[in-house]
Protein chains: 2
Amino acid sequence: MLLYNRPQWSRKEAFPINDAFQKLDPEKQRRIWDAVIKEFAQNGYAKASTNRMVQEAGIGKGMLFYYFNSKEDLFRSALEYSIDFISRAYVEKLDFSSPDFITRMKQAVETKMRAYLENPMPFVLVANLHIHQDAAELVPDLKKRLDDMAAERMADFFANVDTTLFRDDVPPEHVLNLIRWSIDGWSNEIIASLQQVNLTDYDWDSSVKEFYEFLAVLRRVLYKEVDHGDSEGQ
Amino acid sequence: MLLYNRPQWSRKEAFPINDAFQKLDPEKQRRIWDAVIKEFAQNGYAKASTNRMVQEAGIGKGMLFYYFNSKEDLFRSALEYSIDFISRAYVEKLDFSSPDFITRMKQAVETKMRAYLENPMPFVLVANLHIHQDAAELVPDLKKRLDDMAAERMADFFANVDTTLFRDDVPPEHVLNLIRWSIDGWSNEIIASLQQVNLTDYDWDSSVKEFYEFLAVLRRVLYKEVDHGDSEGQ
DNA sequence: ACATATTTCGACCAGATTGGTCAATAAGTT
DNA sequence: AACTTATTGACCAATCTGGTCGAAATATGT
């Protein structure tokens with residue numbers, strides 16, 4: 001509507017020129033996403049400020065509304081981008097082939113760690129969604145997609161686990177919880193300590209080694225006794 | 001100073017009349033604290049809105065600045081109140097007399113749960129302090145008091161633990177971590193499920209029973225084998 | 001070289017929100 | 001009645017809000 005006599009140099013309102021953003025230098029895209037997602041993650045939708053976003057991203061105010069047409073579009077795009085990244089870099093790389101639950105958890109936590117280090121903000125946004133109702137209500141479809149994704153992941157995660165590996169004087173669901181919570185606790189502390197130390201000079205090797213030792217301990221206390229010879233491959 | 005010739009009906013600026021607030025109906029005090037602390041906990045200092053506070057508390061705007069003189073005073077008072085409550089209802093009730101780590105953890109988690117249910121907002125405020133720099137910077141002394149309190153609690157917690165109770169094919173620090181993380185994971189899930197269900201009709205009995213079973217499992221897998229006969233008293 | 005198209009900026013807008021004040025009044029107290 | 005205390009919400013200047021737009025810079029094509 002009204003398009004016919006609108007001068008061509010102002011196609012702005014005609015349809016979204018998101019492609020202008022896509023054509024941007026990837027580094028700049030990343031800077032913008034970081035600033036935008038961080039602001040939304042910290043403040044939800046209503047209280048997030050587009051002014052602070054452009055300031056942190058180091059771009060002019062106009063550009064944000066040139067790439068995305070409105071704050072609402074921007075939020076939707078930011079969440080879509082986050083879901084895409086998490087799917088691609090984490091969820092789709094999960095490997096449920098092993099029936100050994102600890103092996104599964106190990107693979108999952110490593111994959112998540114790698115994805116988180118490559119691009120942490122999407123994880124933060126999604127994790128904080130549930131405390132910002134206004135944001136979640138704005139995009140019910142995306143919220144549902146996320147919930148479904150989480151539910152499906154959970155189901156896959158616990159499907160076809162070989163519980164006969166577990167010691168049999170303890171109910172298997174307790175063993176599963178124990179493993180889950182221990183590994184969560186471990187990775188939470190890693191992430192917490194990560195935020196205080198420079199990423200580059202963090203001692204990953206010794207951290208990974210500790211993690212493997214920790215998994216071995218879990219095996220020893222929660223699995224059936226096994227003819228020893230170090231069960232952990234790689 | 002300046003007190004002598006100031007008209008008595010305006011002692012307002014002379015010194016804080018916090019006592020006016022103290023004399024309030026305790027229920028009203030509580031309503032106000034809930035609103036105030038919630039707003040600060042969610043938004044930090046700068047982004048918290050006194051307007052929203054008075055609206056949620058159901059009092060007139062003027063009263064907030066009558067009880068407390070400024071937003072800054074208000075924040076300080078709110079954090080002091082929170083620290084006091086946490087100390088009184090949680091930290092001071094911790095019992096480190098038993099050398100059995102699981103017994104200690106059990107007592108601690110029960111105490112914290114009770115305190116949290118009685119008055120959750122102070123815990124939320126203190127837990128969120130570290131993600132709101134502006135708030136923490138405003139009251140460096142209180143921040144330090146909190147950090148010291150946490151450090152001291154941690155130290156007491158691990159002091160004089162009888163590690164000979166633990167199975168000796170696993171390093172004791174791993175056993176300690178395993179217990180800590182498992183119990184944290186358990187209580188996190190309780191709190192999460194609590195937020196979706198009506199508090200009054202939550203099935204506490206079965207939840208507590210599950211917790212005890214869970215502790216028994218921890219004992220079985222992490223402690224030395226012991227002549228059975230159910231070790232858990234009460 | 002020029003002309004046209006695309007990016008980029010930031011001053012600017014009206015409307016909302018900010019922390020804080022204060023005159024008016026309601027509720028107690030003596 | 002006289003006086004003190006508690007309470008309100010309209011009001012203030014200052015700041016911030018999402019969003020616009022003209023102008024300038026840059027890229028592209030010829």
Side-chain angles (χ1 to χ4, degrees), chain A residues 6-29 31-32 35-36 39-40 42-78 134-135 138, chain B residues 6-29 31-32 35-36 39-40 42-78 134-135 138:
Chain A
R6 187 178 290 277
Q8 344 158 245
W9 45 262
S10 168
R11 289 138 80 219
K12 200 169 166 188
E13 279 92 11
F15 54 88
I17 4 179
N18 279 14
D19 34 333
F21 179 74
Q22 306 289 353
K23 283 176 195 155
L24 239 48
D25 176 23
E27 275 183 44
K28 195 168 184 179
Q29 282 188 44
R31 245 173 48 224
I32 295 174
V36 168
E39 182 71 17
F40 277 130
Q42 283 177 344
N43 305 301
Y45 176 72
K47 280 181 268 191
S49 156
T50 52
N51 292 332
R52 282 192 296 260
M53 292 174 190
V54 296
Q55 203 193 16
E56 170 131 357
I59 62 173
K61 178 82 171 284
M63 292 317 289
L64 197 66
F65 291 88
Y66 177 61
Y67 300 140
F68 313 91
N69 293 317
S70 67
K71 193 188 184 186
E72 206 170 318
D73 281 8
L74 175 60
F75 178 69
R76 173 168 281 276
S77 301
D134 64 333
L138 204 70
Chain B
R6 187 178 290 277
Q8 339 158 249
W9 44 263
S10 168
R11 288 137 81 220
K12 199 168 165 188
E13 279 91 11
F15 54 88
I17 5 179
N18 278 12
D19 33 334
F21 179 74
Q22 305 290 354
K23 284 176 194 155
L24 240 48
D25 176 23
E27 275 183 44
K28 195 169 184 177
Q29 282 188 45
R31 245 174 46 226
I32 295 174
V36 167
E39 182 71 18
F40 277 130
Q42 283 177 345
N43 305 300
Y45 177 72
K47 281 182 269 190
S49 155
T50 52
N51 292 333
R52 282 192 296 261
M53 293 175 191
V54 296
Q55 202 192 18
E56 170 133 356
I59 61 173
K61 178 83 171 283
M63 293 318 288
L64 197 66
F65 290 89
Y66 177 60
Y67 300 140
F68 313 92
N69 294 314
S70 68
K71 193 188 184 186
E72 207 170 317
D73 281 8
L74 175 61
F75 178 70
R76 173 168 281 276
S77 301
D134 64 332
L138 204 70

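Note: OH (B:Tyr67) to P (D:dT5) measures 14 Å, nearest angstrom. Put simply, CG on A:Asp25 is 16 Å from P on D:dT26, counting in whole angstrom units. With rounding to whole Å, B:Lys47 atom NZ is found 19 Å from D:dT15 atom P. The distance from atom CD of B:Gln29 to atom P of D:dA6 is 13 Å, rounded to the nearest whole Å. Rounded to whole Å, the distance from CZ on B:Phe65 to P on D:dT8 is 14 Å. One interatomic measurement links the two molecules: CG of A:Asn43 to P of D:dT17, which rounds to 10 Å at whole-angstrom precision. Note: OH (A:Tyr45) to C1' (D:dT17) measures 11 Å, nearest angstrom. Here D:dG19 presents its P atom at 11 Å from CE of A:Met53, a figure rounded to the nearest Å.
Look at A:Lys23 and you won't find any side-chain N or O under 4.0 angstrom from OP1 or OP2 of D:dA27. For D:dT8, the OP1/OP2 oxygens have no side-chain nitrogen or oxygen of B:Tyr66 closer than 4.0 Å. The shortest distance between the side-chain N/O atoms of B:Thr50 and the OP1/OP2 oxygens of C:dG19 is below 4.0 Å. Here B:Asn51 does not reach the OP1 or OP2 of C:dT17: none of its side-chain N or O atoms lies under 4.0 Å away. Between A:Lys28 and C:dT8 there is a side-chain N or O to OP1 or OP2 distance below 4.0 Å. For A:Arg52 and D:dC16, the shortest distance from a side-chain N or O to OP1 or OP2 is not below 4.0 Å.
Distance check, rounded to the nearest 0.5 Å: OG of A:Ser77 to CD of A:Glu72 gives 11.0 Å.
Using a 3.5 Å distance cut-off with no hydrogens or angles, the side chains of B:Asn43 and B:Glu39 do pair a donor with an acceptor.
Distances from the side chain of B:Ala20 to the nucleotides C:dG19, D:dG19, D:dA6 place D:dA6 closest. Listed nucleotides: C:dC9, C:dG19, D:dT7. Nearest to the side chain of B:Met63: D:dT7.
At least one side-chain heavy atom of B:Ile32 sits less than 4.5 Å from a side-chain heavy atom of B:Leu24. Between B:Arg76 and B:Phe68, the closest side-chain pair of non-hydrogen atoms is not below 4.5 Å. The shortest distance between side-chain heavy atoms of A:Lys61 and A:Asn51 falls below 4.5 Å.
At a threshold of 4.0 angstrom between heavy atoms, the contacts of B:Leu64 with the nucleic acid are absent. Across all strands shown, A:Leu74 has no heavy atoms under 4.0 Å from either base or sugar-phosphate atoms.
For a distance-only test at 3.5 Å, the side chain of B:Lys61 qualifies as a donor-acceptor partner of the base of C:dG20.
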